[in-house]
K.L.:
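One structure is given below, represented as C-alpha cells, and several questions about it will come after.
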Amino acid sequence: MKSPIHRLLFAALTAAVLPAQAGPAHQHGVARLDVAVEPNRVTLYLDTPLDNLLGFERAPRSDAERQQADAAVARLKDAEKIFRIDGAAGCKLAKVTLTSAALGLPTPAAAAPAPKDEHADLEGRFEFSCTSGARAGFVEVGLFEAFAQMKRIDLQLVSPKGQMKATLVRPTSRVALVR
Ligand SMILES: [Zn+2]
C-alpha cells in the first residue's frame, strides 16, 4: 500500500506530465489547436466550445440559428482561408472533418448523442497536403477574424524538429512553426 503522501505526489507528477488536452478543456473564449507538421502533410486539430463559434451551445432552434450554424460550418470547411500556411511549404487543403454532436455532425445518424450538460464542443481536423511541409515557417490562423467570440488559442506544435507550445491572443494571428 502506498501512503497518502505517495498518492498525492503521484497525482501531482501525473498532472504535470500529461499533455494540455487532458486538462479541463471547455472554457469559453478559448480554443485548442494542435498542429502536426510532416514532410508531406500539415494537419491541424481544433477543439473549441461551440459558444466560440455560435454564441450558443445546443442544436439550433430557429431559422436564424440554423443559418448561423451553417455559416460557421461553411467558414471552417473553407479551411484554406482559416489556416494560411507559409507558401514555402506548398500546401493544399486535402480534407476537413468536423464533429459536433449538438450540430448533428458528421451526420445525425453517426453522431454520438448530445451531452446532457449545458456545454457543447466542436472538433475539427484539417488536413493539408504539402510538397515540403518542413519548410512551413509559420501558419496564419484566421479564427479570430472568423469568430468574434474567440479570444485565445492554446497551441501545441509537433514537427520533425520537436514539440512546442504557443498561445495566440487576439489580435495576433501568426504562429511560428520553427524557432
Ligand atoms: Zn460551454
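Predicted model, so just to flag it, every value in this text is computed and none were measured. Counting convention: from 1, in listed order, for ligands and their atoms alike.
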K.L.:
With the Zn ion (ligand 1) as the point of reference, which N/O/S atom of His119 is the closest?
P.N.:
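Checking each N, O and S atom of His119, the shortest distance to the Zn ion (ligand 1) belongs to ND1.
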K.L.:
Between Asp121 and the Zn ion (ligand 1), is there a contact where an N/O/S atom of the residue lies under 2.8 Å from the metal?
P.N.:
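Of the N, O and S atoms in Asp121, none lies under 2.8 Å from the Zn ion (ligand 1), which means no.
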K.L.:
Are the charged groups of Arg32 and Asp34 less than 4.0 angstrom apart, N to O?
P.N.:
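Salt bridge absent between Arg32 and Asp34.
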K.L.:
His28: which N/O/S atom is nearest the Zn ion (ligand 1)?
P.N.:
NE2
K.L.:
So which of the N, O or S atoms of Glu57 lies nearest the Zn ion (ligand 1)?
P.N.:
OE1
K.L.:
Under a 4.0 Å threshold between the charged nitrogen and the carboxylate oxygen, would Arg75 count as salt-bridged to Asp78?
P.N.:
no
K.L.:
Can Glu140 and Ser173 be counted as having a side-chain donor-acceptor contact under 3.5 angstrom?
P.N.:
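There is such a pair between these side chains.
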K.L.:
Please tell me if the side chains of Leu76 and Phe147 come closer than 4.5 Å, counting only heavy atoms from C-beta onward.
P.N.:
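The answer is yes, as the side chains (C-beta and beyond) meet within the 4.5 Å cut-off.
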